[in-house]
Amino acid sequence: MTAGAGRERLVFANWKMHKGQAEAQAWCRRVAAALALRPGRVVAVFPPFTALAAARAGGAGGESLALGAQDVYPATAGAVTGEVGTDQLADLGVRFVLCGHSERRRLLGEDDALVARKVAAALAAGMTPVVCVGEDGPEREHGRTEAVLRRQVAGAVEGLGAEAVRRVVWAYEPVWAIGSGRPATPEQAAEAAATLRQSLRARYGAALDGHEAPVLYGGSVDPENAAAFARAPGVDGALVGGASLDAEAFVTLVERVAP
Ligand code: PGA
């Protein structure tokens with residue numbers, strides 16, 4: 001089965017290091033009110049940790065707008081200064097957790113092994129990990145995209161059984177497309193989604209029969225180009241950074257991806 005009719009559509013807003021509490025609450029109020037709950041559509045917002053409670057107060061974590069975290073420390077709680085564990089996220093009603101965003105891999109040195117621990121911790125806490133993978137510009141230019149994706153996928157699922165892998169959401173986010181205003185083409189996104197699923201099949205074989213992993217595209221998605229990505233074969237939705245900061249623009253984008 002390829003993505004398209006009948007598949008769940010996911011549209012995720014990644015605010016990164018933006019918005020304080022008042023703004024977060026106002027954005028969530030507007031978006032939650034504007035988006036009616038639609039079967040087959042999942043919309044989530046990923047505020048910074050400091051605005052999770054405000055987002056929740058604004059209605060995120062409810063039916064029409066789920067709550068996500070941009071990261072997690074791979075433990076429930078403990079003596080880890082400056083980090084946030086799964087207990088704290090669960091307490092806030094967090095349902096999705098970004099794992100291995102390229103900004104964290106690049107700026108904070110997160111490697112595949114740490115990403116795998118985060119994925120496992122999120123799953124153990126009953127949350128859905130959203131694993132971000134993608135090549136950088138030189139890797140694409142040198143024809144290494146597929147190898148990079150395969151390595152990142154294998155790294156992220158290290159130690160996971162097939163049942164756990166079925167609960168993972170994937171985001172293909174080419175590093176060169178993030179925040180650049182230069183998105184991948186829908187064809188490139190479709191190719192990457194196929195590579196991702198092949199990597200999983202190569203590893204798990206028949207244990208994944210009947211399961212088509214959800215794959216989002218992220219990287220300079222905006223209200224104008226979002227529909228083209230949503231139509232790309234094998235692409236189930238979008239992970240949106242910059243274009244998610246404005247509530248009205250994000251609602252427009254959601255309606256185009258998942259009417
Ligand atoms: P962008 O970010 O939409 O601003 O390119 C996407 C992301 O990094 O998740």
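Every number for a ligand or one of its atoms is a count from 1 in the order of the listing. What you are looking at is a predicted structure, and each value in this text was computed from that prediction instead of being measured.
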Task: Pair Glu158 + Arg203: basic N to acidic O under 4.0 Å - done: yes
TODO: For His101, take its heavy atoms, then give the atoms of ligand 1 lying under 4.0 Å from any of them.
DONE: 7 (C), 8 (O), 9 (O)
Open item on the list: If I apply the N/O under 3.5 Å rule, does Gly241 come out as touching ligand 1?
Closed with: yes
Task: Region of Ile178 that comes within reach of ligand 1 [heavy atoms, distance under 4.0 Å] - done: both
TODO: Assign the ring pair Phe96 / Phe46 to parallel, tilted or perpendicular, where the plane angle (0 to 90°) is split at 30° and 60°.
DONE: tilted
- [ ] Considering the heavy atoms of Glu173, write down every atom of ligand 1 situated less than 4.0 Å from one of them.
- [x] 6 (C), 7 (C), 8 (O), 9 (O)
Task: Salt-bridge present (Arg7, Glu212; N to O < 4.0 Å) - done: no
Open item on the list: Quick check against the 3.5 Å criterion: does Arg140 have a side-chain atom that pairs as donor or acceptor with the backbone of Glu135?
Closed with: no
- [ ] Please confirm whether Ser220 comes under 4.0 Å of ligand 1, counting heavy atoms of the residue only.
- [x] yes
Open item on the list: Which of the numbered atoms in ligand 1 are under 4.0 angstrom from any heavy atom belonging to Leu239?
Closed with: 9 (O)
TODO: Could you tell me whether some N/O pair between Gly242 and ligand 1 is separated by less than 3.5 angstrom?
DONE: yes
Open item on the list: If we check side-chain contact (heavy atoms from CB on, under 4.5 Å) with Trp170, which of these qualifies: Val153, Leu239, Val130, Leu216?
Closed with: Val153
TODO: Would you check the N or O atoms of Gly179, main chain and side chain alike, for any that come under 3.5 Å of an N or O of ligand 1?
DONE: yes
- [ ] Output the list of atoms in ligand 1 that are nearer than 4.0 Å to some heavy atom of Lys16, sorted by atom number.
- [x] 2 (O), 6 (C), 7 (C), 8 (O)
TODO: Would you indicate whether the side-chain heavy atoms of Asn14 and His101 approach each other to under 4.5 Å?
DONE: yes
Task: SB check Arg41 Glu255 (cutoff 4.0 Å) - done: yes
TODO: Using a strict cut-off of 4.0 Å, indicate which atoms of ligand 1 neighbour a heavy atom of Gly219.
DONE: 5 (O)
